[in-house]
Amino acid sequence: MRSRCIVPLAVLMVLLTGCAGTTTTPREIQDDYFARQLPGLMSSENLLMSPVDNPVVGLNSLRHSPPRKIREALLAQHERWAGTPYRLGGTGVGGIDCSALVQNVFSETFHLQLPRSTEGLVQQGTQVARDALQVGDLVFFRPPGRYQHVGIYVGDGYFLHASTSKGVILSKLNNSYWKRHYWQARRTLEPTLLAQRVSEPYEG
């Protein structure tokens, strides 16, 4: 009788041990989503590029939240354009500049036609404070030289843009370079309205 009880107990202990090995640790929960996708991260001061195999599917369970839905759509666009070289005046996968990337992403993702130039983009929507940024907002910079720069905020302090040195990447707003040359942000549409456009069929 005693040996019959020991066997089920041993089986139960094995099952519990197996589950413990797959439990998510508090550290994993606290880690930034993008940082986990950037192996070998040396410093937050460096320009960051997430790999092409960025697991966008991990956000699928959060589809019902407008900001999450927008971020998922933007990350999908990042998957498409990641690594595309920067080319002034370029509009395609062979080379693209910052304003053309924004125009393409908004047209394909939100069916929203935006101006081609940075000068035109900075006049769109309403201006928002840096500490009030929401996913989908446009962020503008005034780096040295004659040209302004624009990207799309994707949340958690990151923005999607066409970098002149590294092509289409995700970079941190708090990167010393981008922080120094930050100019302003614009909101083309409120997140709820922007999220609705993700699933709307394009009618011209």
With a 4.5 Å cut-off on side-chain heavy atoms, are [Y] and [X] touching?
X	Y	result
L114	Q124	yes
K179	R130	yes
V168	S163	no
L173	F141	yes
R142	H149	no
Y177	S171	no
T91	R116	yes
T188	L112	yes

When rounded to the nearest 0.5 angstrom, what is the spacing between [atom1] in [X] and [atom2] in [Y]?
X	Y	atom1	atom2	result
R187	Q134	CZ	CD	4.0 Å
Y86	I96	OH	CD1	10.5 Å
R186	D137	CZ	CG	10.5 Å
T109	R80	OG1	CZ	9.0 Å
D97	T118	CG	OG1	7.0 Å
I152	I70	CD1	CD1	11.0 Å

Please check this pair: side chain of T84 against backbone of W81, looking for a donor-acceptor N/O pair closer than 3.5 Å. yes
Could you tell me whether a side-chain N or O of Q77 sits under 3.5 Å from a main-chain N or O of A73, the two making a donor and an acceptor? no
Between H161 and W178, is the ring centroid distance below 6.0 Å? yes
Is it true that Y153 and F159 have ring centroids separated by less than 6.0 Å? no
List the steps, then state whether side chain to side chain contact (heavy atoms under 4.5 Å, CB included) holds for R180 with N175. CA-CA 8 Å; R180 182 166 63 253; N175 168 286; over 6 Å; no
Group every Ile, Leu, Val, Met, Phe, Trp and Tyr by side-chain heavy-atom contacts under 4.5 Å, then state whether [X] and [Y] land in the same group.
X	Y	value
L74	L193	yes
V93	V105	yes
V102	Y147	no

Non-hydrogen atoms of [X] and [Y] that approach each other most closely:
X	Y	answer
G94	P85	O-CG, 3.6 Å
L194	F110	O-CD2, 3.5 Å
A100	G90	CB-O, 3.3 Å
P191	P66	O-CB, 4.0 Å

For F140, run the side-chain contact (heavy atoms from CB on, under 4.5 Å) check against H181, Q127, Q184 and tell me which one passes. Q184
Going through the checks in order, is the side chain to side chain contact (heavy atoms under 4.5 Å, CB included) test met by W183 and V139? CA-CA 8 Å; W183 177 20; V139 286; over 6 Å; no
